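So the structure is just underneath, and the comments pick up after that.
Given the structure is predicted, the values throughout are model-derived calculations rather than measurements.
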Amino acid sequence: MPFVDVFADEDDEEPLFATEFDFLPHKGEFLALEIDAELLHLEVVEVWHRQDEDDGAFHACIRIETN
């Protein structure tokens with residue numbers, strides 16, 4: 001299962017949150033996130049991999065927008 005860093009803004013240096021997915025979300029897909037009994041629909045608008053400076057490993061990242 002891929003561990004994915006989730007960003008809300010393209011200028012963010014730190015992820016909004018990180019989580020495991022059964023799959024790597026693709027651009028154009030929607031995620032449903034329940035917060036305080038309210039369902040948010042989040043669109044994946046960007047997918048990339050970034051390299052960790054400490055160990056050199058690559059991490060999957062997505063950027064989302066509220067829809």
Side-chain angles (χ1 to χ4, degrees):
M1 286 194 228
F3 195 75
V4 180
D5 292 333
V6 180
F7 293 83
D9 191 271
E10 61 187 52
D11 295 326
D12 289 346
E13 291 188 23
E14 294 297 320
L16 183 61
F17 62 91
T19 189
E20 282 187 290
F21 285 89
D22 290 337
F23 56 90
L24 179 61
H26 293 88
K27 182 178 177 179
E29 290 185 328
F30 288 88
L31 307 174
L33 181 66
E34 187 174 341
I35 299 177
D36 298 328
E38 185 175 328
L39 194 60
L40 296 176
H41 294 276
L42 308 170
E43 181 178 4
V44 178
V45 294
E46 189 175 4
V47 179
W48 73 96
H49 293 81
R50 66 179 178 164
Q51 189 173 26
D52 189 327
E53 293 178 5
D54 295 332
D55 64 8
F58 283 89
H59 300 277
C61 303
I62 61 173
R63 185 168 60 86
I64 55 170
E65 290 180 353
T66 304
N67 196 347

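- Distance alone, capped at 3.5 Å, is enough to place a donor-acceptor pair between the Asp52 side chain and the Asp54 backbone.
- Leu16 and Phe3 sit in two unconnected hydrophobic clusters of ILVMFWY residues. Membership requires side-chain heavy atoms under 4.5 Å apart, directly or through other members.
- Side-chain contact check for Ile62 versus Leu31: some heavy-atom pair is nearer than 4.5 Å.
- Enclosure of atom CD in Gln51 by more than 12 non-hydrogen atoms of other residues, nucleotides or ligands within 6.0 angstrom is indicated.
- Cluster membership check: Val44 shares its hydrophobic cluster with Val4, using side-chain heavy-atom separations under 4.5 Å among Ile, Leu, Val, Met, Phe, Trp and Tyr.
- When each of His59, Arg50, Arg63 is tested with Asp5 by the rule side-chain hydrogen bond (donor to acceptor under 3.5 Å, both in side chains), just one qualifies, namely Arg50.
- Phe7 and Val47 are members of different hydrophobic clusters when ILVMFWY side chains are connected at heavy-atom separations under 4.5 Å.
- Here the shortest heavy-atom pairing between Ala60 and His49 reads CA-CD2, 3.6 Å.
- Under the 4.5 Å side-chain heavy-atom criterion for ILVMFWY residues, a single connected hydrophobic cluster contains both Leu40 and Phe17.
- Side chains of Pro25 and Phe23 form a contact here, defined as non-hydrogen atoms less than 4.5 Å apart.
- Around the CD atom of Glu14, the shell of radius 6.0 Å holds no more than 12 heavy atoms that belong to other residues, nucleotides or ligands.
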Determine whether Asp36 and Glu38 satisfy the following criterion, side-chain contact (heavy atoms from CB on, under 4.5 Å), listing intermediate values before the conclusion. CA-CA 5 Å; Asp36 298 328; Glu38 185 175 328; 5.6 Å; no
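- Annotation: the span from Ile64 atom CD1 to Glu46 atom CD amounts to 12.5 Å, rounded to 0.5 Å.
- Linking Ile, Leu, Val, Met, Phe, Trp and Tyr whenever their side-chain heavy atoms come within less than 4.5 Å puts Leu42 and Leu24 in one cluster.
- In this structure, the side chains of Leu39 and Leu33 stay at 4.5 Å or more apart for every pair of heavy atoms.
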